[in-house]
Participant: 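Mind looking over this structure? Questions follow.
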Amino acid sequence: MDKGTVFNIQRYSLHDGPGIRTVIFFKGCPLNCEWCSNPESIDIKPHLTFTPEKCLGCGRCIAACPAGARSAESYNSDRCLLCGECVEACPSEALEMLGKVMSVSELLEEVEKDRMFYESSGGGVTISGGEALVQWKFAVNLMRELHKRYLDVVLETTGFAPWETVKRVIKECDLVLYDLKHMDSEIHRKYTGVPNELILRNALKIAETEKNMIFRVPLIGGINTDEDNVSAIARFSLKAGVKVVHLLPYHRFGESKYKKLKKEYSCGAFTPDDKMINDLKGILESFDIDVRIGG
Ligand code: SF4
Ligand code: SF4
């Protein structure tokens with residue numbers, strides 16, 4: 001597959017794998033975590049948003065639309081081609097397209113802009129999401145092209161996909177950043193929409209391949225920050241032979257995006273304070289695990 005849907009390309013990242021990296025965020029995710037800071041990533045399709053407070057009422061979007069999807073009173077999403085012409089025409093950024101269909105060669109062009117930073121820092125490209133495994137054929141094609149250009153490739157994943165898919169994708173990357181959210185399957189299902197058995201099974205299977213893997217744990221205050229859960233993560237890490245765990249403290253930065261998407265932000269979690277983060281770090285370190293805060 002030569003084209004995929006991407007919702008962000010972040011340059012100069014220092015927290016998503018070694019060195020300086022470009023992170024490509026794929027759209028589409030089978031999970032629906034209550035605390036998600038990228039709610040625009042869940043749906044695989046691009047999404048057109050409208051912020052009425054910014055609208056000047058100039059009508060340029062209506063004139064630009066090739067599909068007659070816009071009028072002064074309404075927007076007909078069934079007619080919309082998601083072409084982005086109205087976004088281009090709007091002088092006040094009242095319209096925004098979340099997500100873009102891009103080809104492998106377009107992404108390579110973006111990524112190549114920072115080659116000198118990758119080379120000087122031991123960095124490269126990280127494929128993230130959403131969940132990149134949803135568009136796994138596109139991910140594989142992109143990763144292969146990146147490797148042909150001698151670029152380091154990291155996959156960040158929830159691991160929620162059939163093993164046959166996971167196996168094909170991890171073969172193409174140099175490091176897997178693997179998310180672990182909660183070790184209790186029912187609690188996992190309650191807050192993410194899916195149970196955790198498949199995720200844990202896939203993590204152990206990746207470990208068997210001896211692929212370089214780091215576990216990443218979002219610390220969601222009051223949801224997965226209890227000692228029992230973190231101890232269970234430590235034991236699972238030892239079982240999988242994973243020696244490095246990244247702790248990513250929860251923040252509410254994504255909250256404003258929910259309004260734009262006309263979704264409700266229902267997460268009642270808190271941001272862990274320094275003491276809590278250090279206590280949880282200490283639990284993992286007592287199992288001889290190397291812990292980094294923030295990745
Ligand atoms: S994205 Fe294209 S088709 Fe959809 S409303 Fe805008 S101009 Fe019309
Ligand atoms: S082009 Fe932008 S500012 Fe003008 S009517 Fe359309 S949305 Fe409003």
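Every number for a ligand or one of its atoms is a count from 1 in the order of the listing. Every heavy atom of this structure was used, including side-chain atoms; hydrogens, water molecules and symmetry mates were not.
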Participant: Using heavy atoms and a 4.0 Å limit, tell me yes or no: is Gly68 in contact with ligand 1?
Facilitator: no
Participant: Here's a test for you: under side chain to side chain contact (heavy atoms under 4.5 Å, CB included), which of Val176, Asp290, Val154, Val244 qualifies with Ile214?
Facilitator: Val244
Participant: Any Lys/Arg nitrogen of Glu164 or Arg168 sitting under 4.0 Å from an Asp/Glu carboxylate oxygen of the other?
Facilitator: no
Participant: What part of Leu95, side chain from CB on, backbone N/CA/C/O, both or neither, has a heavy atom under 4.0 Å from ligand 1?
Facilitator: neither
Participant: Heavy-atom contacts with Arg70 under 4.0 Å: which atoms of ligand 1 show up? List them by number with element.
Facilitator: 5 (S)
Participant: Counting each atom of ligand 1 from 1 as listed, which ones have a heavy atom of Gly84 under 4.0 Å away?
Facilitator: 1 (S), 2 (Fe)
Participant: Take every heavy atom of Gly59, measure it against each atom of ligand 2, and state whether any distance is under 4.0 Å.
Facilitator: yes
Participant: Of all the atoms in ligand 1, which lie at a distance below 4.0 Å from a heavy atom belonging to Pro66?
Facilitator: 7 (S)
Participant: Suppose we only count N/O/S atoms under 2.8 Å; would Cys61 qualify as near atom 8 (Fe) of ligand 2?
Facilitator: no
Participant: Any carboxylate oxygen within less than 4.0 angstrom of a Lys/Arg side-chain nitrogen, looking at Lys181 and Asp179?
Facilitator: yes
Participant: Under 3.5 Å, is there a donor-acceptor pair linking the side chains of Asp174 and His147?
Facilitator: yes
Participant: At a threshold of 2.8 Å, where the distance has to be below it, does atom 2 (Fe) of ligand 1 have an N, O or S atom of Cys83 nearby?
Facilitator: yes
